[in-house]
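Worksheet: the structure to be examined is printed underneath.
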Amino acid sequence: YTVTDYDPIYFPSADLTAKYDFVMTTEVVEHLMDPLSAFTLFDNLISASQPNGLIGIMTQFRQTSTPIKPNQPDDEPPYSSSKIHPWLPPNNEGEESTFARWQYKRDETHIMFYSPRTWQYVSERFGWN
């Protein structure tokens, strides 16, 4: 397999007009000031490639004390106030305190945070499965 690295600072010479079978980002999207443009670029990098081209995006989901179902309407309350994500300690401190304790947001270069609902929206917008 041929692998092409791209980073606007460290590997800026990648051909962003080429088509790829697989595009992968690891711990990148939380640093983007304009994620929609980046997602459009990712989509363009694979769209004219193989019909089964893949995009892999890795980031941590924003932690919340009340999980939200990906297809949940905005006016429907989360599952139940008594249920929390298994990686969070039980607390009665509320949503803002849960976010405040989240170590991932402490990195000053992390400027965008995502949830399962965000990825559902992005995948539907671009036709990603």
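Note that the structure is predicted; figures quoted are calculated from it, not measured.
Annotation: side-chain hydrogen bond (donor to acceptor under 3.5 Å, both in side chains) contacts of Trp119 (sequence neighbours excluded): none. Not counting sequence neighbours, the partners of Phe126 by the ring-ring contact (aromatic ring centres under 6.0 Å, His included) test are Trp128. The side-chain hydrogen bond (donor to acceptor under 3.5 Å, both in side chains) test applied to Thr59 returns Glu30, Tyr104, not counting sequence neighbours. By the side-chain hydrogen bond (donor to acceptor under 3.5 Å, both in side chains) test, Thr26 pairs with no residue at all, sequence neighbours left out. With sequence neighbours excluded, the residues satisfying side chain to side chain contact (heavy atoms under 4.5 Å, CB included) with Ser115 are Arg117, Thr118. Partners of Leu41 according to the side chain to side chain contact (heavy atoms under 4.5 Å, CB included) rule, which considers only residues two or more places apart in sequence or in another chain, are Leu16, Leu45.
You'll find the side chain of Ile46 reaches within 4.5 Å of the side chain of Ile55, heavy atoms only.
Residue pairs satisfying the side chain to side chain donor-acceptor pair (under 3.5 Å) criterion with at least one member in residues 2-14, sequence neighbours excluded, are absent.
For the pair Met33 and Ile111, the tightest heavy-atom approach, listed with the atom from each and the gap, is CG-CD1, 3.3 Å. Between Met24 and Phe22 the shortest heavy-atom distance is CB-CE2, 3.6 Å.
Following chains of ILVMFWY side-chain contacts shorter than 4.5 Å, one can reach Tyr114 starting from Val28, so the two form part of one hydrophobic cluster. Residue Ile57 is grouped with residue Tyr121 when hydrophobic side chains (ILVMFWY) are merged at heavy-atom distances under 4.5 angstrom, including chains of intermediate members. Under the 4.5 Å side-chain heavy-atom criterion for grouping Ile, Leu, Val, Met, Phe, Trp and Tyr, Leu36 is connected to Leu32 within one hydrophobic cluster.
Atoms CD and CD, on Gln60 and Glu27 in that order, are 6.5 Å from each other to the nearest 0.5 Å.
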